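Since we're looking at a predicted model, the values are computed, not measured.
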Amino acid sequence: MEGKLSEASKRAVPSPIQQLSHLAQRVGAVNLAEGFPDFPASAHVKAAAAAAIAADLNQYRHVQGVCDVLAATMKRDHGLDVDPLTDFAICCGQSEAFAAAVFAVIDPGDEVLLFDPAYETYQTCIELARGVPVYVPLDPPSWTLDADKFLKSFTSRTKAVILNSPHNPTGKVFSKEELLIISQACQQMDCFAITDEVYEYITYDENKHISLASLPGMQERTIITSSLSKTYSVTGWRIGWACAAANIAAAIRNIHVKLTDSAPAPFQEAALIALTSTPDYYESLKIDYAERRDFILQLLKNYGFYISFKPQGSVFVFAELPKSWQISDIDFVTNLINNAGVAAVPGRGFFHTDADDQSYHHHYVRFAFCKSDETLKAAAQKMMKPVKSNGKVSHDT
């Protein structure tokens, strides 16, 4: 019966990233590959979930209070006036919120613009909706938006633009100037914008997250998706949301109900506690992650990387392999797992465009630093062992 499987299922095959993750698990490598924290979530947030379970809040449930708090947050952080009764869909994580948003607005043949490199799930959702992903390459090393390339990517079939900022895998935070280019194009071409803002509270130095929906003329055509996962270190709870104009949010909610019915009830209750965290929580979050970022940047420099772009946000470093190493991203990561016992992600899985010079697609490696101090120190010890033993770094043994 394998021959009767859908074309969509045949395209959704394991990536080299997944295969290398299996290798890392087999050898017990330190995990700097996957973007989930290995340190505890806040005790008061976990206690709220436990209390909800103990109170038997375990059935299908919509917790309106989550929408109420989110509406207040949208006003506070972005100046957006949204109706908590009509403008939200609470979903099973940002992933489902994003998928439901795509299914709500994309018809077969519609084109969707994405910035390359990109998180791979976006393309799968678009293809499941029978849409056509169209990639616009960001220019390394700082991953800047080329306005001319972007504007030339629009056609009469363009239905939506996908924006992830802060950005996975590069750590880029799109600037106000870049967001204005995107917003003006969306309005001129009368298309939707779907944003992934899961790293909105994880920015560094002077960089500040600006929601595309907050720019003039964009709220009515923007679908914001985000979640508890990254900000509150609860990636397994699967509480996310979409925020959009009432008629768009209603379409997303209808699809969400058909897909999963409701998000996990006790974790919705705990979300009320997490989302009302005091300002010092978010300040500590930035400080802690900035220290982790700086630790891993120094580690990679000591290992021999030249860091051409310092992450402005998110929990990833997208490091370029020096040309003198003469090794591909997959070979480097395979060797790192087998020889040092540290796992990272080869960068090629994030690239999709046919650039004039595609060689750089195979020369980036993503490292996640959303890890405990113990994990980061263990990775450093393992990676630097070759340096201590023979005075130089070995990259291809």
Side-chain angles (χ1 to χ4, degrees), residues 8 12 62 66-67 70-71 73-74 78 80 82-115 118-135 157-168 174 179 182-183 185-187 189-200 209 211-215 218-230 238-263 268:
H62 170 72
V66 175
C67 301
L70 286 172
T73 301
M74 292 288 181
H78 307 301
L80 295 172
V82 297
D83 188 335
L85 296 175
T86 62
D87 295 359
F88 288 96
I90 306 301
C91 300
C92 294
Q94 184 276 338
S95 297
E96 193 215 353
F98 181 87
V102 169
F103 299 159
V105 301
I106 300 303
D107 286 316
D110 287 344
E111 293 180 355
V112 182
L113 302 190
L114 307 95
F115 298 108
Y119 182 51
E120 60 184 351
T121 297
Y122 304 147
Q123 176 170 324
T124 301
C125 292
I126 294 164
E127 290 178 342
L128 286 173
R130 303 292 180 90
V132 180
V134 177
Y135 285 94
R157 296 183 299 277
T158 304
K159 189 72 165 291
V161 176
I162 306 300
L163 175 66
N164 170 215
S165 181
H167 185 252
N168 175 11
F174 280 72
L179 295 177
I182 296 167
S183 69
C186 287
Q187 292 174 76
M189 299 303 294
D190 192 26
C191 65
F192 290 100
I194 306 175
T195 67
D196 174 354
E197 304 184 23
V198 296
Y199 300 106
E200 60 187 309
H209 169 66
S211 180
L212 186 64
S214 69
L215 298 186
M218 286 305 293
Q219 185 173 352
E220 67 186 35
R221 64 180 67 250
T222 301
I223 303 169
I224 299 171
T225 67
S226 194
S227 77
L228 288 187
S229 294
K230 309 298 183 177
R238 314 315 299 142
I239 298 293
W241 52 85
C243 177
N247 56 344
I248 302 170
I252 295 170
R253 276 196 306 275
N254 290 340
I255 290 171
H256 154 67
V257 169
K258 300 299 184 185
L259 289 174
T260 62
D261 198 290
S262 71
Q268 288 188 66

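- Taking every heavy atom of both residues into account, Ile224 and Ser211 meet most closely at CD1-OG, 3.6 Å.
- Residues passing the side-chain contact (heavy atoms from CB on, under 4.5 Å) test with Ala100 are Ile252, Ile255, sequence neighbours excluded.
- The heavy-atom pair separating Phe88 from Ala249 by the smallest distance is N-CB, 4.0 Å.
- Between the side chain of Ser165 and the backbone N or O of His167, no donor-acceptor pair lies under 3.5 Å.
- Scanning both residues, Ala242 and Ala97, for their nearest heavy atoms gives N-CB, 4.0 Å.
- Within the 4.5 Å cutoff, the side chain of Val112 has no heavy atoms near those of the Val161 side chain.
- Applying the side-chain contact (heavy atoms from CB on, under 4.5 Å) test to Arg157 and every residue at least two apart in sequence or in another chain returns Glu111, Thr155.
- The main-chain N or O of Cys191 is found under 3.5 Å from a side-chain atom of Arg221 such that the two form a donor-acceptor pair.
- Here salt bridge (Lys or Arg N to Asp or Glu O under 4.0 Å) pairs that include residues 240-263, with residues two or more places apart or in two chains, number zero.
- For His78, the ring pair (Phe, Tyr, Trp, His ring centres under 6.0 Å) test picks out His209, with sequence neighbours left out.
- Residues Ala101 and Ile223 share a closest heavy-atom pair of CB-CG2, 3.9 Å.
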ask   = Checking side-chain contact (heavy atoms from CB on, under 4.5 Å) for the pair Ser229/Arg238: CA distance, chi angles, key distance, verdict?
value = CA-CA 7 Å; Ser229 294; Arg238 314 315 299 142; 3.5 Å; yes
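- For Ser183, the side-chain contact (heavy atoms from CB on, under 4.5 Å) partners are Leu180, Gln187, Leu212, Leu215, Met218, not counting sequence neighbours.
- Side-chain polar atoms of Asn164 and Tyr199 form no donor-acceptor pair below 3.5 angstrom.
- With no hydrogens or angles considered, a side-chain donor-acceptor pair links Glu200 and Ser226 at under 3.5 Å.
- Rounded to the nearest 0.5 angstrom, Ile194 CD1 and Leu114 CG are separated by 9.5 Å.
- Among residue pairs with one or both ends in residues 89-108, those qualifying as side-chain hydrogen bond (donor to acceptor under 3.5 Å, both in side chains) are Gln94-Thr225, Glu96-His256, Glu96-Thr260; sequence neighbours excluded.
- For the pair Cys67 and His62, the minimum side-chain heavy-atom distance is below 4.5 Å.
- For Thr86, the side-chain contact (heavy atoms from CB on, under 4.5 Å) partners are Asp83, Ala246, not counting sequence neighbours.
- Using a 4.5 Å heavy-atom threshold, the side chains of Leu113 and Thr158 count as touching.
- Every side-chain hydrogen bond (donor to acceptor under 3.5 Å, both in side chains) that Thr195 has, sequence neighbours left out, goes to Glu197.
- Taking CD1 from Ile90 and CD from Gln268, the interatomic distance works out to 6.5 Å, rounded to the nearest 0.5 Å.
- Remark: Phe192 engages no residue in a ring pair (Phe, Tyr, Trp, His ring centres under 6.0 Å) (not counting sequence neighbours).
- The ring pair (Phe, Tyr, Trp, His ring centres under 6.0 Å) test applied to Phe115 returns Phe150, Phe174, not counting sequence neighbours.
- Take Asp87 and apply the side-chain hydrogen bond (donor to acceptor under 3.5 Å, both in side chains) test, not counting sequence neighbours, and it matches no residue.
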ask   = Going through the checks in order, is the side-chain contact (heavy atoms from CB on, under 4.5 Å) test met by Asn254 and Phe103?
value = CA-CA 11 Å; Asn254 290 340; Phe103 299 159; over 6 Å; no
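- Here salt bridge (Lys or Arg N to Asp or Glu O under 4.0 Å) pairs that include residues 125-134, with residues two or more places apart or in two chains, are Arg11-Glu127.
- Counting heavy atoms from C-beta on, the side chains of Asp196 and Asn168 never come closer than 4.5 Å.
- Scanning all heavy atoms of the two residues, the minimum distance from Ser227 to Val198 falls at OG-CG1, 3.9 Å.
- A heavy-atom distance below 4.5 Å is found between the side chains of Ile162 and Phe98.
- At most 12 non-hydrogen atoms from other residues, nucleotides or ligands lie less than 6.0 angstrom from OH of Tyr119.
- Here the closest non-hydrogen pair linking Cys91 and Ala263 is O-CB, 3.4 Å.
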